[in-house]
Amino acid sequence: VQLQASGGGLVQAGGSLRLSCAASGGTFSNRGIGWFRQAPGQEREFVAIINWSGDSTYYANSVKGRFTISRDNAKNTVFLQLNTVKLEDTAVYYCTAGPPNTYYTSSSTYNDQRVYPYWGQGTLVTVSS
């Protein structure tokens, strides 16, 4: 599975941005799709995940209530809507795909980067004051 993240850019604090993750080269509708981010000088961290069915989503506490993850299986695309962005949201955002038919319910699982075999190249989000 190849993943292509896009939609990053420069946004003012308090503004909005929508990231997209387009998948190709494999099955998409039966995979959980997640977003991670890595800020300068920091470790990569979990942001959000949507299960393959689209009926359950999980978010990091730092983005809960501000970010929304969704998917369009007909277009093999997952979206991450960033609202009310903060300076600390500045990072490279990576989308990732899990193994087929894996349904995520435990934070100890979906927070773990090792459970995701496929990663996109990342898209940079820069929040300015």
Side-chain angles (χ1 to χ4, degrees):
V1 177
Q2 290 81 46
L3 302 173
Q4 180 75 36
S6 61
L10 179 65
V11 58
Q12 282 194 323
S16 298
L17 205 61
R18 189 175 81 158
L19 307 182
S20 298
C21 176
S24 61
T27 57
F28 174 81
S29 61
N30 62 347
R31 297 178 188 271
I33 303 294
W35 287 93
F36 283 71
R37 67 184 181 186
Q38 186 167 21
Q42 298 188 26
E43 298 287 322
R44 191 157 55 182
E45 64 175 5
F46 169 79
V47 176
I49 186 174
I50 185 166
N51 272 303
W52 56 265
S53 58
D55 62 350
S56 69
T57 57
Y58 301 95
Y59 298 91
N61 288 334
S62 59
V63 307
K64 199 173 295 183
R66 299 188 298 119
F67 291 9
T68 302
I69 189 170
S70 61
R71 66 190 297 157
D72 184 340
N73 284 343
K75 296 182 179 179
N76 285 2
T77 303
V78 166
F79 304 99
L80 185 67
Q81 179 69 39
L82 285 61
N83 294 331
T84 320
V85 296
K86 304 177 180 180
L87 294 177
E88 52 264 40
D89 293 323
T90 294
V92 176
Y93 284 71
Y94 299 90
C95 61
T96 182
N101 302 316
T102 299
Y103 196 84
Y104 299 91
T105 59
S106 167
S107 61
S108 62
T109 301
Y110 58 71
N111 279 339
D112 187 348
Q113 300 178 48
R114 295 171 295 178
V115 307
Y116 302 97
Y118 304 102
W119 291 79
Q121 87 290 355
T123 186
L124 176 63
V125 173
T126 304
V127 182
S128 64
S129 58

Neighbour count >12 (heavy atoms, 6.0 Å) for atom CD, E88: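 Atom CD in E88 is crowded, with more than 12 foreign heavy atoms closer than 6.0 Å.
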With sequence neighbours left out, write down each residue that passes side chain to side chain contact (heavy atoms under 4.5 Å, CB included) with S108, or none if nothing qualifies.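 S106.
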Short side-chain to backbone donor-acceptor contact, [X] and [Y], under 3.5 Å:
X: Q121; Y: Q4; result: no
X: T84; Y: G14; result: no
X: D89; Y: K86; result: yes

Which heavy atom in [X] sits nearest to a heavy atom in [Y], and how many Å separate them?
X: T77; Y: S20; value: CG2-CB, 4.2 Å
X: A97; Y: P117; value: O-CD, 3.1 Å
X: T27; Y: R31; value: O-NE, 2.7 Å
X: G7; Y: T123; value: N-OG1, 4.0 Å
X: G32; Y: R71; value: CA-NH1, 4.2 Å
X: S56; Y: Y103; value: OG-OH, 3.1 Å

Given side chains that start at C-beta, do those of R37 and S62 come closer than 4.5 Å, heavy atoms only?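 In short, these two side chains touch, coming nearer than 4.5 Å.
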Do S128 and L10 have side chains that approach each other closer than 4.5 Å (heavy atoms only, starting at C-beta)?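 Yes, side chains in contact.
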Listed partners of Y104 passing ring-ring contact (aromatic ring centres under 6.0 Å, His included), at least two apart: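 Scan of Y104 (ring-ring contact (aromatic ring centres under 6.0 Å, His included), adjacent residues dropped) gives Y116.
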Which residues pass the ring-ring contact (aromatic ring centres under 6.0 Å, His included) test with Y110, sequence neighbours left out?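 Listed in chain order: F46, Y58.
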What residue pairs, at least two apart or across chains, pass disulfide bond (SG atoms under 2.5 Å apart) with a residue in residues 100-129?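 Residue pairs passing disulfide bond (SG atoms under 2.5 Å apart), neighbours aside: none found.
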Once you round to the nearest 0.5 Å, how far does OG1 of T105 lie from CG of N51?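 One finds 8.0 Å between OG1 of T105 and CG of N51.
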So, taking the atom named CG in D72 and the one named OG in S29, what distance separates them when rounded to the nearest 0.5 Å?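 Answer for the CG-OG pair, D72 versus S29, is 11.5 Å.
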Apart from V11 itself, what residues make up its hydrophobic cluster when side-chain heavy atoms of I, L, V, M, F, W and Y under 4.5 Å apart count as a link, directly or indirectly?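 L17, L19, F28, I33, W35, V47, I50, Y59, V63, F67, I69, V78, L80, L82, V85, L87, Y93, V125, V127, listed by chain and number.
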Cluster question for you: counting only ILVMFWY and a side-chain heavy-atom cut-off of under 4.5 Å, with indirect links fine, are V115 and W119 together?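 Yes, same cluster.
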Are L3 and V92 co-members of a hydrophobic cluster defined by side-chain heavy atoms under 4.5 Å apart?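 No; L3 is not reachable from V92 via cluster members.
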Residue list, side chain to side chain donor-acceptor pair (under 3.5 Å) with Q113, at least two apart or on another chain: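 By the side chain to side chain donor-acceptor pair (under 3.5 Å) rule, Q113 matches R44.
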